[in-house]
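See structure below.
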Amino acid sequence: MEIKAKFDHYNCNVLDLEKSLSFYDKAVGFKIHHRMEAEDGSYIITYLTDHSSPFLLELTWLRDWKNPYQMGDNEQHLCVRVEGDYDKIRQFHRENGWICYENHEMGLYFIEDPDGYWIEILPMNRK
């Protein structure tokens, strides 16, 4: 059997939804696509879009969760490609204190969101 699938979304649980929404908007330009809220206020799920692909980033806020999330040794990450002057964008990320790791040999870097998730930043036109 051959199964064909396509990417739909990736979830990150967040401690401070407004802080995370601001970060993703300012750092990579992601905007709110839609959101779902529990009737009892126990969660808010917000989907972000890059306005160019069908892929969504899901941010889940849980009312009763009070501790920072632990990333452990799991090296999973989200990767985005940015248009424009890559060095200028890297400098903007550096000035905001978001860069958490740079691999100069591979020509890439990572930024970290308010909850400790890493986002790999690549230029649009590089393989």
Side-chain angles (χ1 to χ4, degrees):
M1 170 178 38
E2 179 181 345
I3 298 174
K4 293 187 177 187
K6 67 174 189 158
F7 287 108
D8 185 81
H9 72 271
Y10 181 81
N11 176 74
C12 295
N13 283 23
V14 300
L15 198 55
D16 183 330
L17 181 58
E18 293 308 315
K19 187 175 184 179
S20 293
L21 290 172
S22 177
F23 169 82
Y24 281 99
D25 182 24
K26 190 173 180 183
V28 291
F30 290 176
K31 307 290 185 199
I32 295 173
H33 183 272
H34 68 281
R35 65 192 308 156
M36 303 176 345
E37 298 185 37
E39 287 185 25
D40 65 359
S42 60
Y43 67 83
I44 300 172
I45 299 174
T46 306
Y47 292 90
L48 304 181
T49 180
D50 63 8
H51 291 291
S52 64
S53 72
F55 182 83
L56 299 173
L57 178 62
E58 174 186 338
L59 302 181
T60 300
W61 171 83
L62 303 171
R63 177 191 60 206
D64 298 331
W65 190 267
K66 304 298 181 207
N67 300 314
Y69 290 94
Q70 301 299 313
M71 299 299 120
D73 294 326
N74 188 350
E75 293 187 25
Q76 67 180 344
H77 64 273
L78 179 67
C79 179
V80 300
R81 292 185 178 269
V82 295
E83 293 182 4
D85 187 327
Y86 187 68
D87 292 327
K88 197 173 198 178
I89 293 167
R90 182 192 309 237
Q91 184 59 33
F92 173 74
H93 288 155
R94 183 177 286 113
E95 288 168 0
N96 280 277
W98 296 328
I99 294 181
C100 58
Y101 178 74
E102 293 185 77
N103 186 325
H104 297 285
E105 185 176 305
M106 293 181 71
L108 58 87
Y109 67 97
F110 290 80
I111 59 175
E112 186 172 359
D113 86 352
D115 292 282
Y117 294 101
W118 283 23
I119 301 104
E120 181 178 355
I121 307 295
L122 293 175
M124 187 64 71
N125 57 359
R126 191 181 77 195
K127 291 184 179 184

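When all heavy atoms of N96 and K26 are compared, the closest pair comes out as OD1-NZ, 3.3 Å. Here the closest heavy-atom approach between residue H93 and residue Y109 is recorded as ND1-OH, 2.8 Å. When all heavy atoms are compared, the tightest approach of L108 to Y86 is CA-OH, 3.5 Å. Taking all atoms of both residues into account, the shortest heavy-atom contact from W61 to G41 is CZ3-O, 3.8 Å. Residue E58 comes nearest to N11 through the heavy atom pair OE2-OD1, 3.1 Å, listed as atom of the first residue, atom of the second, then distance.
Residues L15 and P114 are not in side-chain contact: their nearest non-hydrogen atoms beyond the backbone lie 4.5 Å or more apart. Inter-residue side-chain proximity for I121 and V80 is flagged as met; some heavy-atom pair is nearer than 4.5 Å. No side-chain heavy atom of F23 sits less than 4.5 Å from a side-chain heavy atom of V14. Proximity of E120 to Y101: side-chain heavy atoms (C-beta onward) are nowhere separated by under 4.5 Å. Counting heavy atoms from C-beta on, the side chains of L48 and L21 come closer than 4.5 Å. Contact check for R94 versus E102: side-chain heavy atoms found under the 4.5 Å cut-off.
Between the side chain of R63 and the main chain of D40, a donor-acceptor pair closer than 3.5 Å is present. Side-chain atoms of D115 never come within 3.5 Å of backbone atoms of Y117 as a donor-acceptor pair (strictly under, hydrogens ignored). Looking only at distances, a side-chain donor or acceptor of S20 sits under 3.5 Å from a matching main-chain atom of D16. Put simply, the side chain of H34 never gets that close to the backbone of Y47: no donor and acceptor are under 3.5 Å apart. Checking side-chain atoms of R81 against main-chain N and O of P123 turns up a donor-acceptor pair under 3.5 Å. Side-chain atoms of W65 come within 3.5 Å of backbone N or O of N67 as a donor-acceptor pair.
Going from atom OG1 of T49 over to atom CZ of F55 covers 10.5 Å, rounded to the nearest 0.5 Å. Taken to the nearest 0.5 Å, the CG atom of L122 stands 8.5 Å off from the CE atom of M106. The structure places CD1 of I111 at 8.0 Å from SG of C100, a figure rounded to the nearest 0.5 Å. Atom CE of M36 sits about 9.5 Å away from atom OG1 of T46, to the nearest 0.5 Å.
Taking hydrophobic clusters as Ile, Leu, Val, Met, Phe, Trp and Tyr residues chained together by side-chain heavy-atom distances below 4.5 Å, L56 shares a cluster with F7. No single ILVMFWY cluster, assembled from side-chain heavy atoms under 4.5 Å apart, contains both M124 and L57.
Just one of F110, W98, Y24 meets the side chain to side chain contact (heavy atoms under 4.5 Å, CB included) condition when paired with I119; it is Y24.
Surrounding CD of Q70 are at most 12 heavy atoms belonging to other residues, nucleotides or ligands under 6.0 Å away. Under a cut-off of 6.0 angstrom, the local environment of NZ in K66 is crowded, with over 12 non-hydrogen atoms contributed by other residues, nucleotides or ligands. When the shell of 6.0 Å around CD of E37 is examined, it contains more than 12 heavy atoms from other residues, nucleotides or ligands.
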